[in-house]
Amino acid sequence: MYRYDEFDSTLVNERVVQFRGQVARRLSGELDEDHFKPLRLMNGLYLQLHAYMLRVAIPYGTLDSLQMRRLARIARVYDRGYGHFTTRQNIQYNWPKLAEVPDLLAELAEVEMHAIQTSGNCIRNVTADHFAGAAADEVEDPRIHAEIIRQWSTLHPEFSFLPRKFKIAVTGAARDRAAIKVHDIGLQLRRDAAGEVGFRVIVGGGQGRTPMIGPTIREFLPKADLLSYLEAILRVYNRLGRRDNLFKARIKILVASVGADIFAAMVEEEWRALRGGSLDLPAEEVARIAAYFAPPPFENLPAQDTGFEAMRFEDRDFARWCRTNLHVHKQPGYAILSISLKPVGGVPGDATAEQMEAVADLAERYGQDEIRVSHEQNLVLPHVRLRDVHAVWQGLVAAGLGAANIGLVSDMISCPGLDYCNLANARSIPVAQRIATRFADLDRQHDIGELKLKISGCINACGHHHVGHIGILGVDKKGREFYQITLGGSAGEDASLGDIVGPAFSYDDVVDAVESLVETYLDLREEGELFLDAYRRVGLAPFKEALYAGH
Amino acid sequence: MSARIVTANGLRDGEVLYLACGGRWSRDLAEAEPAETEQAEAALMAIAERAVRCRDVVEAYAMAVTVEDGAPRPLSQRERIRAAGPTVGTDIATERGR
Amino acid sequence: MPVIKDGRLVEDDWTFIPDFLPLDEVARPVVSLARWRDGDCALRARNGRLGLRLPNDTDPAAIGADLDRFALIELEFPVFKDGRAYSQARLLRERHGYRGELRAVGEVVRDQYFFLERCGFDSVSVAGDKADQGRALEGWYEAMAEISVPMQPAADQRPPASSLRERRRAAAVAS
Ligand code: HEM
Ligand code: SF4
């Protein structure tokens, strides 16, 4: 894991002092809300429905146990004992007090964490594949360059007042677990014909009210050129992105309006002038950062572990959990272990302080002290010996974190919706809870198989509904909560946007509608066919028929 | 009977507040002072805007309610949730007592 | 309106002259881009005593050849959230080699000062009464001191963290 050196920690501490000053100027009246708002937003502080909300960055989703314990402590001391892990590898606290936020930030800085640029029209927290450094299919650990980007983008003097927010995601594998095609910039590490490692550069994807799958503007960018190329993209965007209309200000609108080819040509032209300059990191600096992400000391273990196999054989619940919550690790004898934050009836992505501490303990004891936060609002222990998996599972069950549903219908993404969010049209979380309760039977969920259901409380799409196999969007119909359903979206390497099935359903009816969609799929699927594949084969018609026939 | 009340958030703590009789801010929706005429609403908003300038509250606005047995009840779902807290059931906030 | 320049509040001796007014009597006029473009020989001959106000949607390359004619270029912030002029400033300094004074005008507030300075601005206009101006100057000093280690190279002289690390490595090798 990356460790701050004196320069990183100086900056983060100075940023705390700076924000303390900004809060003091707000409280003394020197700053009014109009001028304070962009400043507090640049430090992740919102005013939500009930209270302030603070968004804390978990850069590229990587944490250690010390940091997780600190997040727990903050939940306890400054909030109401819990936090909400989001789809952007952040954690949100729903009840902090403005006057206490500077102290909270100082506590974060002590463990090398911050809320810098978690909101505002700047380069946001850089996200990465949550299996980075552990996945068997990885070309290279994406976090090395995610960290390089984090540093470069921090308090960037030219790009702190962009037309709109800017989100960058990085993955090191062909299998896309970071939704890179629906980010402002998506970067995929790959090898060219000569075996060199570089990036595929995707620009102008996004969700929100105008969802778009980003086009590739460069098939291969040498690693050494990353920052100059990013600076070129950002500069073109900062100069030409629309500022007259908030809804048209994202880079995706610029890319779509001039065309990806022309946009690419503008970037290349700017880049020619920038490359080879002071942005090129010396090899020693890249090596310094890379060293922090060196694999932990893995033991040489056989690929199978007899104890683990025996436990799976004996314990049906454990076996079932293993089927969904374990993933192949690159190192024989190890597994990647997903911790579901989607217990039936719970709030997707929420964890209590006690649960955070339990995860920290397990990571420290069995997981090389590493924890990841996934964009699907779950946690991950990336390096667990197969022999320890059962013990970890027992610990998780004891902490109420034993849900065996990763990738299944109850493993939903849900935004905070009208229960917390100022912009919402409708509630998201209670819909997620009711769907999870309807499908509570795990055997049934396993029978249904992989199904990604994603819920947003408004068109901003924080809950990724456009790219859900089933997407649910809260809309307001004459003051009542309604839900529009889309089908066939995907956030992976085969990214696609969902199609609207038809008129929206009421709060009361939406769960029945989802069940009816699932039943329709079960009826028409072919042997072993997943929901998304079945939908792509048959299209909307049968689902529409099931939902609206007789209406 | 329909009316309007004025609400805001506390500047320092973010707490949801309602403008009550005598220009006081209350956490309790039941204490909100309903305005039945435009003039009355404008008078409440004038008090609220002063409180914004004096940095007691932020984001003050008027909202629609019905008044039944003297108690205001918000018309919109948003304001009902804002008054009562999240409806998510397992919310730890409610378990711990607000 | 005064400006903050080199850490001091100074009276602004430049005057922006709208296109329809004559320049004759003005010692240090600032003209619009349109006026400069349509300008006659007399305007072009005002070497060094001319300022230019560049709209923030203009590519600085458009005046790249004329830069040594201007002692001052004003870049605009119509509202402080509109950050286009940061890019213009860096381009002027780093790409086109502009060495004259670069000034931020419009809605320019304390929380931009550090970013402005890093992008190559050397003066900012200050609004308000005497008290506001005093606060702005104080704010300027605070802003310059707030962040001591920038994380990326820009148009200023501050060495970013990457070069400081580089230096330290070199020192370690040398010793
Ligand atoms: C509760 C306070 C929140 C507010 C006020 C908020 C606001 C917004 C807005 C306005 C957009 C649309 C941006 C655009 O289209 O230009 C957006 C997009 C998004 N937000 Fe949020 N959001 C909130 C919470 C969250 C949470 C909890 C998550 C993660 C679960 C999240 C993740 C995202 C993502 C992934 C997008 C879509 C990607 C994009 O186009 O930017 N947000 N948010
Ligand atoms: S999708 Fe809408 S309701 Fe949900 S968190 Fe985002 S802005 Fe709020």
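From a predicted model like this one, the values you see are computed outputs, not experimental measurements. Just so you know, these numbers use all the heavy atoms, side chains as well, and skip hydrogens, waters and symmetry mates. The sequence lines fix the lettering, A, B, ..., with proteins before strands; numbering per chain opens at 1.
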Aromatic rings A:Tyr292 and A:Tyr2: how do their planes relate, parallel, tilted or perpendicular, breaks at 30° and 60°? perpendicular
Side chain, backbone, both or neither: which part of A:Leu240 has a heavy atom under 4.5 Å from chain C? neither
Under 4.5 Å from any heavy atom of chain A, what part of C:Phe114 do you find: side chain, backbone, both or neither? neither
Greatest number of heavy atom pairs closer than 4.5 Å to chain C - which of A:Met42, A:Arg25, A:Gln22: A:Arg25
Structural part of A:Asp8 lying under 4.5 Å from a heavy atom of chain C: both
Non-hydrogen atoms of chain C under 4.5 Å away: do they reach the side chain of A:Leu281, the backbone, both or neither? side chain
Can you tell me which of C:Glu94, C:Gln88, C:Arg90, C:Arg118 forms the most heavy-atom pairs within a distance under 4.5 Å of chain A? C:Arg90
Looking at C:Ser148, C:Ala154, C:Ala155, which has the largest count of heavy-atom pairs under 4.5 Å with chain A? C:Ser148
Mind checking whether C:Phe115 and A:His156 have ring centres under 6.0 Å apart? no
Using a distance-only test with no angle check, is there a side-chain donor-acceptor pair under 3.5 angstrom linking C:Trp14 and C:Glu74? no
Measure centre to centre between the rings of A:Tyr237 and A:Phe263, then say whether the value is under 6.0 Å. no
Taking every non-hydrogen atom, the tightest pair across A:Arg150 and A:His114: NH1-NE2, 3.7 Å
Where on A:Leu39 is there a heavy atom nearer than 4.5 Å to chain C: the side chain, the backbone, both, or neither? side chain
Quick check on A:Asn121 against chain C: is it the side chain, the backbone, both or neither that has a heavy atom closer than 4.5 Å? neither
Charged N-O contact under 4.0 Å between C:Arg99 and C:Asp68: no
Compute both the distance and the angle, then confirm whether C:Arg53 meets the cation-pi test with C:Phe16: under 6.0 Å from the six-membered ring centre, within 45 degrees of the axis. yes
Applying the salt bridge (Lys or Arg N to Asp or Glu O under 4.0 Å) criterion to C:Arg168, which one of A:Glu6, A:Glu285, A:Glu284 satisfies it? A:Glu6
Ion pair check, A:Asp280 and A:Arg275, cut-off under 4.0 Å: no
Please rank A:Ser153, A:Ala273, A:Gly21, A:Gly277 by heavy-atom pairs under 4.5 Å with chain C and give me the top one. A:Ala273
Cut-off 4.5 Å, heavy atoms of chain C, and the answer for A:Arg243 is side chain
Describe, in one word, how the ring planes of C:Phe80 and A:His35 are oriented to each other, choosing from parallel (under 30°), tilted (30 to 60°) and perpendicular (over 60°). parallel
Measure A:Thr10 against the heavy atoms of chain C and call it side chain, backbone, both or neither at under 4.5 Å. side chain
Best-contacting candidate, C:Asp156, C:Asp59, C:Leu116, C:Val109, against chain A by heavy atom pairs under 4.5 angstrom: C:Asp59
Do A:Gln151 and A:Ile289 have side-chain heavy atoms sitting under 4.5 Å apart? yes
Measuring heavy-atom distances to chain A, does C:Glu117 have an atom under 4.5 Å in its side chain, in its backbone, in both, or in neither? neither
Only pairs of heavy atoms separated by less than 4.5 Å count here; which of C:Asp111, C:Asp57, C:Val149 has the most with chain A? C:Asp111
Chain A contacts, top residue of C:Arg110, C:Glu166, C:Arg165, C:Arg84 (heavy-atom pairs, under 4.5 Å): C:Arg165
Per-residue contact mode, A:Ser160 against chain C (heavy atom under 4.5 angstrom): side chain
